[in-house]
Amino acid sequence: MAAGISLNSFAYRMRSTRKLISYGLLAMFLLACSAEEGKSQIFEKITEWGFFPESIGPRTSGLYAQLGTDYFRRRQADVHSTAVLTLFYRTDAGFFMGNSLHSGAFGQGGGIFLGGIELGWIFPFVKNSELSVSGFIGGGGGAGQVPGEGMMLRTNASLLLPVFDRTYVAGGLSRIHITGSPISTYAAHLSIQRQLNLAIAPGHNRNMNVLRGATVVRAFKPAARVYIPLGSKKRRSTEPLGNMYGMGTEVGFELHPHGEAFVQAYGVFAGDAEGYADWALGYRHFFDMDFGRVFVAAASGSAGGGAVNSGGGLFMLAGAGVEIPAFSRFAVEVEMNAVRALNGDFLALAPGVKFVSLLEREGREDRRFTYGWRAHNGIAIQIPNKHYRVPGASSKKAPIMIEAKLDLFLKEQLYVTGHGYTAFKGDAGGYQLGLLGVGYTQPVYKRVMASGEVYLGAGGGAGIQTRGGLVSGARVDFDVPIVGYLSWSVGVGKIFALMGKGMAPWTLHTGITLPFLSFH
């Protein structure tokens, strides 16, 4: 009997290890193929360099993306591993700051999402390698894994090895602690990191230039999607999973005239799985037609929450559709996708529609057309109303949430905005919000800017009474310059459930705002 258990445990660990290695190699391949070099040149460089290339130049300051996994040493909950997606800015001295999203990967904890702020330092080591030390503070939860506060603290130390120009693999050790959950463990870390070389520059000075050949942000896409399960059952139940209705956003990056990389995120606002969300990275290829462009797409990421049994959380998406021009810089995408959890009972068709704001200008040689953006990181406090939590909830605390926000200016003062929130204090582990809206900004005193926004979105979790998930709200912010391009932002707002008497808190906001330009 003991031998059988031991063999089963060994077989399980071997399968998990193979999955971990497979996804690591897949991530390395996808990011490596996004380099400017063609495939033949990539394989030539592998032959020329060997595993430790010495011909790569020194790392430079700029924007970096990192995709990887933390594989837990101890099995303390249904979550055995998290997928980690980080976007950060690195200075010439090696210090970096950015945002990380941790979500379920292996085990049965699909639906856990934890977001927050990453700080660290990268410094030279030996033979063109580097060491990275970093700390993360954030919050979140989901999938019943974080019944308490939801604050996540993580430290990491990793060795970085160059494999292609501006591309590194990282291996190391993480220490993870999530308050309000049993998760407190060391984890093996594996990731791939790449300097993005986006055509962006800090501030809103339109006389600046960027290097020719930089990757261009092609499109910004508010989106809606229906999930139609194909025989899937609810988590821990034999009942069939019903249809779900989600909204989200996508940003596309032009790789070549007929291909784009994209990152997308969705949250459910109605249907059978309040609290479900997913994010994915993928590639879309276009084929020119008389009426527009037909496309095929593939993506992978993390999904779960609500009643969805997404296993550990990893999922794949494959689809096709058509992009139809609507106006001079706008289009509509209609698509049909198939979504499948890699180790859970979730298989669904996912038809959707996207409203595409085309930022790239075809035929321009000088890349001088620009769009203004604002990135914001901070915290938000929600002051509960009488019906803020579901009946029977004992906690009366005010949740404190990590806030990440991105604005895209369509005109000098008019912008569209996207917000993401995860709770880390206030007995609301697992409470999350995603919002889309429009805003207007103008100066009020010298360089102080005032902004007003209205928005619509989806959210839920942790017993917060969102009445199915559909929420709306508004806010006012003031941005006060502090140093360089950075501003200190303070604001107040109101958010409320749309589908009945429920949460309707006043919200207080503060954080740091950075304006920047994208060149097209």
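Only a predicted model underlies this, so the values are computations on that prediction, with no experimental measurement involved. We're numbering straight along the sequence, starting at 1.
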Side chain to side chain donor-acceptor pair (under 3.5 Å) with [X]: which residues, sequence neighbours excluded?
X: Ser181; answer: none
X: Ser132; answer: none
X: Ser134; answer: Glu118
X: His387; answer: none

Could you walk me through whether Arg194 and Thr167 pass the side-chain hydrogen bond (donor to acceptor under 3.5 Å, both in side chains) test, one step at a time? CA-CA 4 Å; Arg194 178 164 174 78; Thr167 304; 2.6 Å; yes

Start with the C-alpha distance between Glu453 and Tyr415, add both sets of side-chain angles, then the distance that settles side-chain hydrogen bond (donor to acceptor under 3.5 Å, both in side chains), and finish with yes or no. CA-CA 9 Å; Glu453 300 173 0; Tyr415 61 90; 2.8 Å; yes

Between Ser357 and Leu359, is a side chain to side chain contact (heavy atoms under 4.5 Å, CB included) present by the stated rule, with each step listed? CA-CA 6 Å; Ser357 176; Leu359 308 183; 3.8 Å; yes

Do we get Arg73 above Tyr186's six-membered ring, with its NZ or CZ under 6.0 Å from the centre and within 45° of the axis?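 Ring-cation test returns no.
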
Salt bridge (charged side-chain N to carboxylate O under 4.0 Å, His left out) involving [X] - partner list, sequence neighbours excluded:
X: Arg235; result: none
X: Lys233; result: none
X: Lys425; result: none
X: Asp407; result: Arg374, Lys405

Hey, are the side chains of [X] and [Y] touching, using non-hydrogen atoms and a 4.5 Å cut-off?
X: Leu498; Y: Val471; value: no
X: Phe262; Y: Val251; value: no
X: Leu101; Y: Val84; value: no
X: Ile400; Y: Phe424; value: yes
X: Phe295; Y: Glu333; value: yes
X: Met503; Y: Ile495; value: yes
X: Glu250; Y: Phe220; value: no
X: Phe346; Y: Leu241; value: yes

Nearest non-hydrogen partners of [X] and [Y], listed with the distance:
X: Ala83; Y: Trp279; answer: CB-CZ2, 4.3 Å
X: Leu160; Y: Ala170; answer: CD2-CB, 3.3 Å
X: Arg293; Y: Pro257; answer: NH1-O, 3.2 Å
X: Thr466; Y: Ala497; answer: O-CB, 3.6 Å

Give a yes or no answer on whether the side chain of Asn343 reaches the backbone of Gly312 with a donor-acceptor pair at less than 3.5 Å.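 Yes; at least one donor-acceptor contact below 3.5 Å.
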
Output side-chain donor-acceptor pairs under 3.5 Å for residues 456-463, partner residues at least two apart or in another chain, one line each.
none

Give a yes or no on whether a salt bridge exists between Arg154 and Asp70, defined as a side-chain N under 4.0 angstrom from a carboxylate O. yes

Test: Arg218 and Glu323 ion pair at under 4.0 Å: yes

Centres of the His102 and Phe136 rings: under 6.0 Å?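 Yes.
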
Is the distance between the ring centroids of Tyr276 and Tyr227 less than 6.0 Å? yes

Within residues 232-255 or reaching into it, pairs that qualify as ring pair (Phe, Tyr, Trp, His ring centres under 6.0 Å) - sequence neighbours excluded: none

Output every pair passing ring pair (Phe, Tyr, Trp, His ring centres under 6.0 Å) with a member in residues 454-474, not counting sequence neighbours, ordered by first then second residue. His419-Tyr455

Could you check whether atom NZ of Lys501 has more than 12 heavy atoms from other residues, nucleotides or ligands sitting under 6.0 Å from it?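 Open.
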
Taking atom CE of Met499 as the centre, report whether more than 12 heavy atoms of other residues, nucleotides or ligands fall under 6.0 Å from it. no

Using the rule given for side-chain hydrogen bond (donor to acceptor under 3.5 Å, both in side chains), can you reason through Gln382 versus Tyr431, listing the C-alpha separation, both sets of side-chain angles and the distance that settles it, and then say yes or no? CA-CA 12 Å; Gln382 295 195 352; Tyr431 175 40; 3.0 Å; yes

Which residues satisfy the side chain to side chain contact (heavy atoms under 4.5 Å, CB included) test with Leu317, sequence neighbours excluded? Arg225, Gln264, Ala299, Phe315, Asn337, Val339

Can you tell me how far apart [atom1] ([X]) and [atom2] ([Y]) are? Round to the nearest 0.5 Å.
X: Ser103; Y: Leu314; atom1: OG; atom2: CG; value: 7.5 Å
X: Thr249; Y: Lys221; atom1: OG1; atom2: NZ; value: 10.0 Å
X: Thr86; Y: Phe88; atom1: OG1; atom2: CZ; value: 7.5 Å

Start with the C-alpha gap between Tyr168 and Gln193, add the side-chain angles, then the distance that decides, and say whether side-chain hydrogen bond (donor to acceptor under 3.5 Å, both in side chains) holds. CA-CA 5 Å; Tyr168 300 74; Gln193 186 182 113; over 6 Å; no

